[in-house]
Amino acid sequence: MQVLTVNLDDRSYPIYIGEQLLSQPGLIRQHIRGRQVCVVTNETVAPLYLDQLCAALDGYQVDSVTLPDGESHKTLDVWASIFDKLLSARHNRTTTLIALGGGVVGDMTGFAAACYQRGVDFIQIPTTLLSMVDSSVGGKTGVNHPLGKNMIGAFYQPLCVLADTSLLTTLPARELSAGIAEIVKYGLISDYEFFVWLENNMDQLLAGDMAALGYAVKRSCENKADVVAQDEREGGLRAILNLGHTFGHAIETAQGYGNWLHGEAVAAGMVMAADLSWRRGAISSEELARVIQLLQRAHLPVKAPADMTPEQFMELMGVDKKVLDGRLRLVLLESMGKAIVTSDIDPGMLQDTFEACKAN
Ligand code: NAD
Ligand code: GLY
């Protein structure tokens, strides 16, 4: 097992990464301060892992909430159902919420923990590759609004993250690929050596090789923890974690939540960001081709939907959280392995990127 730390002064917490961690109850139990626990999961993950987790929590008052599965259910209404259980089962301020699921469950549980009785403890047990390498770490929590993704939420850190890579054996291949998109992101924004490692180890990752997956989760979490420790509330640097996301969120919103997976939209969005970076002279055409090739090898989309117009992109990108004082800001590459956030964007180049990156 590897143990990393997210350094945030008195809110620092460990990330445990390894195989069969769910069968080591002490790892979770040491972080539970009261006698009550509420596990939040969904209808897909519950039959797979809820019993195993409940067994590890023997002796506590354990309640569970099983949410409907999918991004389209990441709504205020579904989120509010977590409070129905907490209140009806009389959970008090010393309760601990445990998120058992992917990023949707994790984001909703964290936000519920931030709000229930003005804030209770919570633990992240991510069960998808994407949630292990990204959403469970760093304390961004929230839900979607019909007018924008993740528009309602809070920064709220967990007490620990337990990334049990054995849970990935049941993950569908399409979801594994979606997680790889966020892994590639770290290589592009801050870790060129890791990008090269990914070029050399993509086949092992896709085959579910545990050693390769464990390394990729660890290296990704190291990169993310480093950024979060420097800029927890996204005053500046943290925005680089959103490479491809401004384009990607526009794709997700336009296509209807859940039709494109988050990681798929991020993959196409990263190609758009890399394409614009190439037009600005920051990376070479060969480097742009390497980005596209790596994502293609991971079976990820590298083109935006054919029916999305530049006007639609611009309108949807206008509600992005990185827009400041009406000015669009984008995360772009300064070089391979280094990202910048800029509002100095040539409209003509952006138009060319929209055209070049659209599927036929
Ligand atoms: P998800 O939570 O929808 O999970 C993907 C699918 O896999 C679901 O159908 C789920 O039920 C299923 N699943 C989960 N674990 C499984 C397992 N072990 N075996 C079989 N099936 C399993 O999607 P995701 O990709 O994990 O997360 C995407 C969400 O995360 C989006 O809402 C996105 O906005 C959010 N996100 C948040 C952050 C953050 O910093 N908070 C970062 C990135 C993404
Ligand atoms: N996924 C972006 C962030 O955590 O800031």
**Asked** After noting the C-alpha distance and the side-chain angles of H262 and E182, does the key distance pass the side-chain hydrogen bond (donor to acceptor under 3.5 Å, both in side chains) rule?
**Response** CA-CA 9 Å; H262 175 72; E182 298 281 10; 3.1 Å; yes
Verify the cluster assignment for [X] and [Y]: are they in a single hydrophobic cluster under the rule of side-chain heavy atoms below 4.5 Å apart?
{"X": "L53", "Y": "L162", "value": "yes"}
{"X": "I123", "Y": "L167", "value": "yes"}
{"X": "M270", "Y": "L205", "value": "yes"}
{"X": "V6", "Y": "L241", "value": "yes"}
{"X": "L316", "Y": "W260", "value": "yes"}

Any side-chain heavy-atom pair from [X] and [Y] closer than 4.5 angstrom?
{"X": "V341", "Y": "I240", "value": "yes"}
{"X": "S335", "Y": "Y192", "value": "no"}
{"X": "F247", "Y": "V271", "value": "no"}
{"X": "L213", "Y": "M132", "value": "no"}
{"X": "M108", "Y": "L67", "value": "yes"}
{"X": "L330", "Y": "L350", "value": "yes"}
{"X": "L159", "Y": "R33", "value": "yes"}
{"X": "C221", "Y": "V217", "value": "yes"}

I need the [X] [atom1] to [Y] [atom2] distance, nearest 0.5 Å.
{"X": "L176", "Y": "T128", "atom1": "CG", "atom2": "OG1", "result": "9.5 Å"}
{"X": "T95", "Y": "Y116", "atom1": "OG1", "atom2": "OH", "result": "7.5 Å"}
{"X": "T246", "Y": "L328", "atom1": "OG1", "atom2": "CG", "result": "7.0 Å"}
{"X": "Q157", "Y": "L8", "atom1": "CD", "atom2": "CG", "result": "5.0 Å"}
{"X": "C160", "Y": "L27", "atom1": "SG", "atom2": "CG", "result": "8.0 Å"}
{"X": "S277", "Y": "L243", "atom1": "OG", "atom2": "CG", "result": "7.5 Å"}

**Message:** Please evaluate residues T96 and Y60 with respect to the criterion side-chain contact (heavy atoms from CB on, under 4.5 Å), reporting the C-alpha separation (whole Å), side-chain torsions for both, the decisive distance (0.1 Å), and the verdict.
**Reply:** CA-CA 10 Å; T96 299; Y60 295 97; over 6 Å; no
**Result of checking R238, K224, R11, K140 against E232 for salt bridge (Lys or Arg N to Asp or Glu O under 4.0 Å)** = R11
Do the side chain of [X] and the main chain of [Y] share a donor and acceptor less than 3.5 angstrom apart?
{"X": "Q36", "Y": "N92", "result": "yes"}
{"X": "T253", "Y": "A250", "result": "no"}
{"X": "N144", "Y": "N150", "result": "yes"}
{"X": "N42", "Y": "V45", "result": "yes"}
{"X": "Q255", "Y": "E252", "result": "no"}
{"X": "R29", "Y": "D58", "result": "yes"}
{"X": "T127", "Y": "L100", "result": "no"}
{"X": "D231", "Y": "V227", "result": "no"}
{"X": "S12", "Y": "D9", "result": "yes"}
{"X": "K218", "Y": "V3", "result": "no"}

**Request:** Under the side-chain hydrogen bond (donor to acceptor under 3.5 Å, both in side chains) rule, what do N7 and T5 come out as? Steps first, then yes or no, please.
**Result:** CA-CA 6 Å; N7 283 308; T5 304; 5.2 Å; no
Considering non-hydrogen atoms only, spot the tightest contact between [X] and [Y] and give its length.
{"X": "A282", "Y": "L333", "answer": "CB-O, 3.1 Å"}
{"X": "D307", "Y": "Q312", "answer": "O-OE1, 3.8 Å"}
{"X": "A273", "Y": "G244", "answer": "CB-N, 4.4 Å"}
{"X": "S343", "Y": "R329", "answer": "CB-CG, 3.7 Å"}
{"X": "A163", "Y": "L21", "answer": "O-CD1, 3.6 Å"}
{"X": "A89", "Y": "Q61", "answer": "O-NE2, 3.2 Å"}

**Fill in**
Result for side-chain contact (heavy atoms from CB on, under 4.5 Å) between L300 and one of I292, V184, L295 points to L295
Counting heavy atoms not belonging to [X], are there more than 12 under 6.0 Å from its [atom1]?
{"X": "E193", "atom1": "CD", "value": "no"}
{"X": "Q293", "atom1": "CD", "value": "no"}
{"X": "N200", "atom1": "CG", "value": "yes"}
{"X": "R93", "atom1": "CZ", "value": "no"}

**Item:** Qualifying residues under salt bridge (charged side-chain N to carboxylate O under 4.0 Å, His left out), relative to E264, sequence neighbours excluded
**Value:** R174
Parallel, tilted or perpendicular for [X] and [Y], by the 30°/60° rule?
{"X": "F313", "Y": "F354", "value": "parallel"}
{"X": "F122", "Y": "Y156", "value": "parallel"}
{"X": "H249", "Y": "H245", "value": "perpendicular"}

**Item:** Qualifying residues under side-chain contact (heavy atoms from CB on, under 4.5 Å), relative to D346, sequence neighbours excluded
**Value:** M349
**Prompt:** What do the steps show when you test L206 against I180 for side-chain contact (heavy atoms from CB on, under 4.5 Å), and what is the final call?
**Reply:** CA-CA 9 Å; L206 290 169; I180 292 174; 3.7 Å; yes
**Message:** For a side-chain hydrogen bond (donor to acceptor under 3.5 Å, both in side chains) check, start with the C-alpha distance between Y49 and T170, then their side-chain angles and the critical distance, and finish with the verdict.
**Reply:** CA-CA 10 Å; Y49 303 113; T170 54; 2.6 Å; yes
**Request:** Would you please test D134 and S220 for side-chain contact (heavy atoms from CB on, under 4.5 Å) and show each step?
**Result:** CA-CA 8 Å; D134 193 352; S220 299; over 6 Å; no
**Request:** Apply salt bridge (Lys or Arg N to Asp or Glu O under 4.0 Å) to E287 and R290, showing your working.
**Result:** CA-CA 5 Å; E287 288 168 332; R290 281 171 66 193; 5.2 Å; no
**Request:** May I have all residue pairs that pass ring-ring contact (aromatic ring centres under 6.0 Å, His included) and include part of residues 9-32, sequence neighbours excluded?
**Result:** Y16-H31
**Request:** I would like to know whether Q124 and T109 meet side-chain contact (heavy atoms from CB on, under 4.5 Å); could you show each step before the answer?
**Result:** CA-CA 9 Å; Q124 288 271 20; T109 309; over 6 Å; no
